[in-house]
Amino acid sequence: MVGGVIKGVKVHRRDVVRDRSSRREGRLLSNHLGRDLTIERVGRRGKQLMISFSNGGGMIIRLGMSGRIALEDGSTRNPAPPHQHLVWVIGVPNHPERWTWMSFIDPRRFGGVYLFASIRDCRDRLLAGLGPEATSIQGRQLGDLLGRTRRAVKAALLDQSVLAGVGNIYADEALHRAGLHPARPGDSISAPEATRLAAAIRSTLRIAIQAGGSTLRDHILPDGSSGAFIEKHQVYGRGGAPCHHCRQPLQVLQIASRTSTFCSTCQR
DNA sequence: CTTGCGTCCTGCTCGC
DNA sequence: TGCGAGCAGGACGCAA
């Protein structure tokens, strides 16, 4: 997509375009949705997908619980699937006759698309308050962050202002891998435990991303394939089943209003 | 300031 | 087979 020009945008449901700016500029951007602009960069910060345009602006896509991005070759014209809210038609660089359809599909509509006028605007309005990247978190830094709170460590991991990029599945998986009980107060986590947890978060995410993530229901990759990490889940979705490590039945607790599955023998 | 809960939505699964 | 309750990958606003 990088280097491609957005040739057109179809809007099937306007309210998934969230306007967080009170300025007129923001409203104009929301109507415009990148039409006629060249895609300069595609990136990510925490759970936000970022597409920046050559004019300095861009957009952030949040998938929420059920959202996904689909990419299709322009030559295969399929009927719009249910809950397809936005479609961008993007020229393929160096192939004037080819184009890519990128669509935003989100049944529950907890996700959305946010436009920004400049990188600075993006940073101030959309990325402000995000914690450090979970994919590269180091033990020392994680220990400092957890040491500042008495909340359950699981609740802290889910808080994007503490650490950006971990959700319910990978919080449970990383805590199991690190051998830490999800209800432990953040400030009870020792330095060696924080080192273990940081390493567990990094490796859990690395392996999960490599496997294409966890397909429970809605999540599929942009090409339509499924993520295979669910086969590697140690705890998530396995409440009552035996721990792969010690064979004891896995426990289930609500922490920060989210289902948390863990092994009370292996996780202390 | 910190923390927890209700809410925003649709659709699937389970039990009666 | 039909139907309602409960639950789901996230994040925000509000109240205690």
Side-chain angles (χ1 to χ4, degrees), chain A residues 12-22 44-50 60-70 80-86 104-114 125-131 134-135 145-176 182-188 201 204-205 207-209 211-222 225-240 252-262:
Chain A
H12 295 135
R13 238 199 126 103
R14 167 130 305 266
D15 60 6
V16 300
V17 182
R18 323 271 182 191
D19 194 352
R20 194 170 274 201
S21 156
S22 55
R44 177 192 64 80
R45 174 80 173 91
K47 300 179 191 174
Q48 354 278 309
L49 307 178
M50 305 172 62
I60 277 186
I61 300 173
R62 284 192 183 169
L63 299 178
M65 298 267 263
S66 61
R68 67 188 182 91
I69 293 294
H83 307 299
Q84 181 190 68
H85 307 308
L86 300 167
F104 175 67
I105 300 163
D106 186 11
R108 290 177 74 182
R109 274 177 278 135
F110 288 177
V113 175
Y114 302 75
R125 281 174 38 227
L126 300 168
L127 303 181
L130 280 185
T135 47
L145 292 165
L146 295 176
R148 289 183 214 154
T149 182
R150 305 201 62 183
R151 301 157 84 181
V153 58
K154 163 90 185 267
L157 293 182
L158 291 178
D159 184 340
Q160 302 299 297
S161 70
V162 174
L163 182 69
V166 173
N168 202 30
I169 296 175
Y170 301 119
D172 276 5
E173 293 298 317
L175 285 163
H176 183 263
R184 284 267 302 274
D187 62 3
S188 77
I201 291 168
T204 299
L205 292 177
I207 296 166
I209 289 167
S214 309
T215 297
L216 307 179
R217 172 170 306 147
D218 301 292
H219 167 71
I220 55 177
L221 294 160
S225 65
S226 295
F229 190 74
I230 191 167
E231 295 155 26
K232 296 203 171 74
H233 284 182
Q234 299 296 304
V235 286
Y236 184 87
R238 299 192 59 244
V252 177
L253 264 185
Q254 290 283 318
I255 298 174
S257 311
R258 309 296 295 280
T259 299
S260 301
T261 311
F262 64 100

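These values consider heavy atoms only, across backbone and side chains, with no hydrogens, waters or symmetry-generated copies. Just so it is clear: chains get the letters A, B, ... in the order the sequence lines come, proteins before strands, and each one is counted from 1. Everything quoted here is computed from the prediction, not taken from an experiment.
Put simply, CZ on A:Arg109 is 18 Å from C1' on C:dG9, counting in whole angstrom units. Spacing between atom NE2 of A:His219 and atom P of C:dG10 amounts to 12 Å, rounded to whole angstrom units. Per the geometry, CG belonging to A:Asp15 stands 14 Å off C1' belonging to B:dT10, to the nearest Å. One atom, CG of A:Asp187, and another, C1' of B:dC1, lie 16 Å apart when rounded to the nearest Å. For the pair A:Arg108 CZ and B:dC12 C1', the computed distance is 11 Å after rounding to whole Å. Rounded to an integer number of Å, the gap from A:Asp159 CG to C:dC12 C1' is 12 Å. Nucleotide B:dC5 holds its C1' atom 13 Å from the CZ atom of A:Arg258, rounded to whole Å. Atom pair A:Arg18:CZ and B:dC8:P shows a separation of 13 Å (rounding to whole Å applied).
Side chain of A:Gln160, nearest nucleotide from C:dA8, B:dT3, C:dA11: C:dA11. Across C:dC12, C:dG9, B:dT3, the shortest atom-to-atom separation from the side chain of A:Leu216 is found for C:dG9.
Between A:Lys47 and C:dA11 there is a side-chain N or O to OP1 or OP2 distance below 4.0 Å. Considering only side-chain N and O atoms, A:Thr149 lies nowhere under 4.0 angstrom from the phosphate OP1 or OP2 of B:dT2. Proximity of A:His83 to the phosphate of B:dG11: a side-chain N or O atom is located under 4.0 Å from OP1 or OP2. At least one side-chain nitrogen or oxygen of A:Ser257 sits closer than 4.0 Å to the OP1 or OP2 atom of B:dC5.
A distance of about 15 Å separates the P atoms of C:dC7 and B:dC5, rounded to the whole Å. Taking atom P in both B:dC1 and C:dA11, one finds a spacing of 23 Å when rounded to whole Å. Taking atom P on both nucleotides, C:dA5 is separated from B:dT7 by 16 Å, rounded to a whole Å.
Pairing for C:dG4 is with B:dC14, a Watson-Crick or G-U wobble pair whose two hydrogen-bonding atom distances lie under 3.5 Å. Using Watson-Crick or G-U wobble geometry with both donor-acceptor distances under 3.5 Å, C:dG9 finds no partner in any strand shown. Under the Watson-Crick and G-U wobble criteria, each requiring two contacts below 3.5 Å, nucleotide B:dC9 is left unpaired.
Here A:Asp218 lies in heavy-atom contact (under 4.0 Å) with a base. Residue contacts shown for A:Ser66 are absent, as no nucleic acid heavy atom lies under 4.0 Å away. Across all strands shown, A:Arg217 has heavy atoms under 4.0 Å from base atoms, whether or not it also approaches the sugar-phosphate. Residue-level contact check: A:Tyr236 touches the backbone only, with heavy atoms under 4.0 Å from sugar-phosphate atoms and none from bases.
A salt bridge does not link A:Arg108 with A:Asp218: every distance from a Lys NZ or Arg NE/NH1/NH2 to an Asp or Glu carboxylate oxygen is 4.0 Å or more.
When each of A:Pro107 and A:Ala155 is assigned the nucleotide of DNA chain B bearing its nearest heavy atom, the one mapping closer to the 5' terminus is A:Ala155.
The line from OH of A:Tyr170 to CD1 of A:Ile209 is 8.0 Å long, rounded to the nearest 0.5 Å.
Residue-nucleotide stacking is present for A:Phe110 and B:dC8, judged by a side-chain ring centre under 5.5 Å from the six-membered base ring centre and planes under 30° apart.
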Query raised in the report: Could you walk me through whether A:Phe229 and A:Tyr236 pass the ring pair (Phe, Tyr, Trp, His ring centres under 6.0 Å) check?
Result: CA-CA 11 Å; A:Phe229 190 74; A:Tyr236 184 87; over 10 Å; no
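In terms of modelled atom types and a separation under 3.5 Å, the side chain of A:Gln160 and the main chain of A:Leu158 share a donor-acceptor contact.
Between the side chains of A:Gln254 and A:Ser260, no donor-acceptor pair of N or O atoms lies under 3.5 Å. Judged purely by distance below 3.5 Å, without hydrogens or angles, the side chains of A:His219 and A:Ser214 never pair a donor atom with an acceptor atom.
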